[in-house]
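Sharing a structure below in structure tokens format, with a few things to ask.
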Amino acid sequence: MRKFKNFLIGLGLLAILAVTLTIWIRLPWQGVIVLAVLFCLWMALTRRGRQAASVTVVGVSTLRQRLGSSAVIVIGIAGVVGVLVALLAMGEGYSETLRKTGSADTAIVMRGASASEVMSVLERDNVVIIPQAKGIVHDAQGRPVASAELVVAANLPVKGGGPDDVGSVQLRGIGDQAWAVRPNVKVVAGRKFTPGMRELMVGQGAQRQFAGLNVGSEVKLGNQSWTVVGVFSSGDALDSELWADNNVVADIYRRGGSRASVTVRLANPQAFDAFKAELEADPRLKVDVSTTYDYFSKQSEGTSKMIQSIGITVGAIMAIGAIFGALNCMFAAVAARAREIATLRAIGFRGGPVVVAIMLETMLLALIGGLLGGALAWLIFNGYTASTLAAGSVGQLSFEFSVTPALLWSGLKWALAIGFIGGLFPAVRAARLPVTTALREL
């Protein structure tokens with residue numbers, strides 16, 4: 001009968017854990033603040049709450065005597081949070097870089113059913129028709145602000161690598177309207193390339209990744225020598241590209257009069273629907289139209305989800321280890337304080353306040369570990385530059401890790417969840433231990 005009762009209690013604890021963790025995952029920070037306020041009021045205004053506060057004070061005051069076991073919990077949870085936040089910050093930085101590349105008032109037109117610019121080919125007549133659609137901004141000369149562009153792959157030696165260590169970079173062929181379509185792109189060194197010449201402008205991200213891209217340098221692309229004449233900055237995915245005259249790129253890479261895409265600047269975001277409808281209704285065209293914001297956001301989805309899945313998987317594996325560490329330490333702490341807990345219960349303290357006190361002690365250590373792990377992740381990884389082969393492109397994308405407040409909050413929630421699981425079972429054991437048995441344990 002006793003074994004069956006213990007089984008039911010264990011089953012009930014697992015149910016409590018499942019429900020609590022489900023609610024905790026979905027709970028916003030405002031809800032956490034409300035719960036914290038209600039809990040503080042309970043501790044201040046009720047008899048059992050005051051008992052729990054008293055036991056908690058006693059337990060926290062003995063942490064110095066258990067510094068080693070307490071440090072195991074703190075360091076274990078800090079490691080979980082640090083790794084989790086760092087991996088998620090990589091995915092966030094990658095997504096943010098691509099999202100910043102687009103906007104709601106610019107649109108990109110590609111061949112129908114093309115997943116990216118790399119897979120798209122627009123013939124010359126398409127390139128002529130698209131800029132004639134309504135909704136496009138016109139410049140002072142009355143020309144539509146539309147840039148027909150070509151995207152090809154090139155190989156360059158990686159900075160700091162060996163002689164055979166090369167990486168892929170995206171070479172974009174553009175016309176003079178590309179600057180009007182993207183006013184955020186600024187020349188930070190040298191000058192713009194001269195139309196018709198084998199001259200390159202390099203993004204700051206590409207310049208950080210690849211060797212030989214200083215202004216005045218000669219590089220070989222497509223079996224031809226090019227001169228680097230300028231460096232540009234855009235603060236987004238375009239920073240990882242090389243830019244050159246589209247006609248020169250088309251000649252060297254044998255693309256004829258075709259282009260990969262046409263990017264246009266719209267009068268306003270509301271003009272997009274009419275612009276898209278006109279192009280899709282034109283029987284001469286078979287194109288896909290989307291805002292550049294939607295296009296680049298979609299390009300980041302797959303990689304971001306993969307990085308997030310890896311981060312959560314690694315974090316979960318580490319969290320299991322941290323939970324077992326917390327369980328061992330807290331069971332040892334409860335055993336060492338068995339006589340103290342029994343004495344408290346003998347003089348009138350109920351089991352509930354004892355459970356709450358031990359849980360609070362464990363979650364305090366978890367909170368310290370979460371804050372430490374989050375701080376380390378922010379100090380080490382926030383702004384850290386990395387690169388990877390970008391989805392939908394043929395070149396490396398340079399991006400910065402982004403440790404956002406939302407990620408730090410997620411890490412803190414993980415830490416408190418680990419503390420909750422690690423403290424619940426030792427706390428219940430302490431509350432259920434018969435007083436006479438506890439008094440004989442030491």
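No experiment lies behind these values; they were computed from the predicted model shown.
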**Request:** With the side chain counted from C-beta on, respond yes when Arg265 and Ile136 share a heavy-atom pair under 4.5 Å apart, and no when they do not.
**Result:** no

**Message:** With side chain to side chain donor-acceptor pair (under 3.5 Å) as the criterion, how do Asp294 and Thr291 come out once you've worked through the C-alpha distance, each side chain's angles and the decisive distance to 0.1 Å?
**Reply:** CA-CA 5 Å; Asp294 290 339; Thr291 64; 3.1 Å; yes

**Asked** What are the two closest heavy atoms between Val158 and Gly167, and how far apart are they?
**Response**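 Shortest heavy-atom contact: CG2-N, 3.6 Å.
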
**Request:** Give a yes or no on whether a salt bridge exists between Glu92 and Arg99, defined as a side-chain N under 4.0 angstrom from a carboxylate O.
**Result:**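 So Glu92 pairs with Arg99 through a salt bridge.
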
**Item:** Val202/Val215 under side chain to side chain contact (heavy atoms under 4.5 Å, CB included): CA gap, chis, key distance, verdict
**Value:** CA-CA 9 Å; Val202 302; Val215 175; over 6 Å; no

**Request:** Could you tell me whether the side chain of Arg259 and the main chain of Val127 form a donor-acceptor pair under 3.5 Å?
**Result:** no

**Asked** Heavy-atom count around Lys100 NZ within 6.0 Å, excluding the residue itself: above 12?
**Response**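 Correct, the count exceeds 12.
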
**Request:** Output the distance between atom OH (Tyr295) and atom CG (Asp288), rounded to the nearest 0.5 Å.
**Result:**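 Going from the OH atom of Tyr295 to the CG atom of Asp288 covers 11.0 Å.
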
**Asked** For the residue pair Gly373 and Val81, what are the closest heavy atoms and their distance?
**Response**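 Smallest interatomic distance, heavy atoms only, reads C-CG1, 4.0 Å.
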
**Asked** Which one of Ile108, Thr106, Val181 satisfies the side chain to side chain contact (heavy atoms under 4.5 Å, CB included) criterion with Ser147?
**Response**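 When side chain to side chain contact (heavy atoms under 4.5 Å, CB included) is applied between Ser147 and each of Ile108, Thr106, Val181, only Val181 qualifies.
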
**Message:** Check this for me: does any side-chain nitrogen of one of Glu149 and Arg182 sit under 4.0 Å from a carboxylate oxygen of the other?
**Reply:**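 So Glu149 pairs with Arg182 through a salt bridge.
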
**Message:** What's the separation between atom CZ in Arg208 and atom OG in Ser240, rounded to the nearest 0.5 Å?
**Reply:**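 Output value for this atom pair is 7.5 Å.
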
**Request:** Describe, in one word, how the ring planes of Tyr384 and Phe381 are oriented to each other, choosing from parallel (under 30°), tilted (30 to 60°) and perpendicular (over 60°).
**Result:**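 Ring orientation, 0 to 90° scale: perpendicular.
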
**Request:** Compare all side-chain heavy atoms of Val314 with those of Leu87 and state whether any distance is below 4.5 angstrom.
**Result:**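 Yes, their side chains come closer than 4.5 Å.
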
**Heavy-atom pair of closest approach, residues Ala107 and Leu266** =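 That would be CB-CD1, 4.3 Å.
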
**Message:** So, taking the atom named CE in Met363 and the one named CG in Leu416, what distance separates them when rounded to the nearest 0.5 Å?
**Reply:**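 Rounded to the nearest 0.5 Å, the CE-CG separation comes to 4.5 Å.
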
**Asked** Do Gln30 and Val34 come close enough that some side-chain heavy atom pair is under 4.5 Å?
**Response** no

**Asked** Under 3.5 Å, is there a donor-acceptor pair between the side chain of Lys286 and the main chain of Pro283?
**Response** no

**Item:** Derivation of the side chain to side chain contact (heavy atoms under 4.5 Å, CB included) call for Met318 and Leu84
**Value:** CA-CA 9 Å; Met318 294 185 65; Leu84 176 69; over 6 Å; no

**Request:** Verify, without hydrogens or angle tests, whether Asn184 (side chain) and Ser234 (backbone) share a donor-acceptor contact under 3.5 angstrom.
**Result:** yes

**Asked** Nearest 0.5 Å, what's the CG-CG distance between Leu365 and Leu360?
**Response** 11.0 Å

**Message:** Donor-acceptor check, side chain of Thr404 to backbone of Leu407, threshold 3.5 angstrom: yes or no?
**Reply:**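 The answer is yes, because a donor-acceptor pair under 3.5 Å joins these two groups.
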
**Rounded distance [0.5 Å steps], OH in Tyr94 versus CE in Met306** = 8.5 Å

**Request:** Evaluate the side-chain proximity of Ile368 to Ile73: yes if any heavy-atom separation is below 4.5 Å, no if none is.
**Result:**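 Contact flag for Ile73/Ile368 side chains = no.
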
**Message:** Side chains of Asn214 and Ser217 only: does a donor on one sit below 3.5 Å from an acceptor on the other?
**Reply:** no

**Request:** Return yes if some donor-acceptor pair links the side-chain N/O of Lys159 with the main-chain N/O of Gln207 below 3.5 Å, else return no.
**Result:** yes

**Asked** Are more than 12 heavy atoms from other residues, nucleotides or ligands located less than 6.0 Å from atom OH of Tyr253?
**Response**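 Check passes, neighbour count above 12.
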
**Item:** Contact summary for Ser225 and Lys220, nearest pair of heavy atoms
**Value:**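 What the structure gives for the nearest pair is OG-CE, 4.2 Å.
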
**Exceeds 12 heavy-atom contacts within 6.0 angstrom, atom NZ of Lys305** =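 No, NZ of Lys305 has 12 or fewer neighbouring heavy atoms, counting only those of other groups under 6.0 Å.
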
**Minimum heavy-atom distance between Val262 and Ile130, given as atom pair plus value** =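 Heavy atoms of Val262 and Ile130 come nearest at CG1-CG2, 3.9 Å.
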
**Asked** Any sub-3.5 Å donor-acceptor pair from Asn126's side-chain atoms to Leu122's backbone N or O?
**Response** no

**Message:** Measuring only between side-chain heavy atoms, which start at C-beta, is Val264 closer than 4.5 Å to Val145?
**Reply:**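 They are not in side-chain contact.
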
**Request:** Could you note down all residue pairs passing ring-ring contact (aromatic ring centres under 6.0 Å, His included) where residues 187-236 supplies at least one of them, sequence neighbours left out?
**Result:**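 Those involving residues 187-236 are Phe232-Trp243.
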
**Request:** Mind jotting down which residue pairs meet the salt bridge (Lys or Arg N to Asp or Glu O under 4.0 Å) criterion with at least one end in residues 123-148? Sequence neighbours excluded, please.
**Result:** Asp139-Arg143, Arg143-Asp176

**Request:** Could you go through the side chain to side chain contact (heavy atoms under 4.5 Å, CB included) check for Leu408 and Val85 one step at a time?
**Result:** CA-CA 7 Å; Leu408 292 174; Val85 172; 4.3 Å; yes

**Polar side-chain atom of Asn382 near backbone of Ser402 as donor-acceptor pair, under 3.5 Å** =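 No: the side chain of Asn382 does not pair with the backbone of Ser402.
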
**Message:** Checking the side chain of Thr101 only, and the main-chain atoms of Thr97 only, is there a donor and an acceptor separated by less than 3.5 Å?
**Reply:**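 Checking the backbone N and O of Thr97 against the side chain of Thr101, a donor-acceptor pair under 3.5 Å is found.
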
**Request:** Heavy atoms only: give me the nearest Leu213-Ala206 pair and the separation to one decimal.
**Result:** CD1-O, 3.6 Å

**Any Leu200 side-chain heavy atom under 4.5 Å of Leu221 side chain** =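 SC-SC contact between Leu200 and Leu221 confirmed.
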
**Item:** Student check: side-chain heavy atoms of Glu96 and Glu400 closer than 4.5 Å
**Value:** no

**Asked** Would you say the side chains of Thr227 and Glu199 form a donor-acceptor pair under 3.5 Å?
**Response**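 No.
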
**Item:** Residues Met201, Val231; criterion side chain to side chain contact (heavy atoms under 4.5 Å, CB included); working and verdict
**Value:** CA-CA 5 Å; Met201 294 198 67; Val231 180; over 6 Å; no

**Message:** Within this structure, what is the OG-CD distance for the pair Ser168 and Gln170, rounded to the nearest 0.5 Å?
**Reply:**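 Taking OG in Ser168 and CD in Gln170, the distance rounds to 8.0 Å.
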
**Prompt:** Is the backbone N or O of Ser103 less than 3.5 Å from a side-chain atom of Thr292, with the two atoms forming a donor-acceptor pair by type?
**Reply:**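 Looks like yes, one N/O pair under 3.5 Å.
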
**Request:** Flag the pair Phe39 / Val356 as yes when at least one side-chain heavy-atom distance between them is below 4.5 Å, and no otherwise.
**Result:**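 They are in contact (side-chain heavy atoms under 4.5 Å apart), so the answer is yes.
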
**Prompt:** So, the side chain of Ser120 versus the backbone of Ser114: is there a donor-acceptor pair under 3.5 Å, distance only?
**Reply:** no

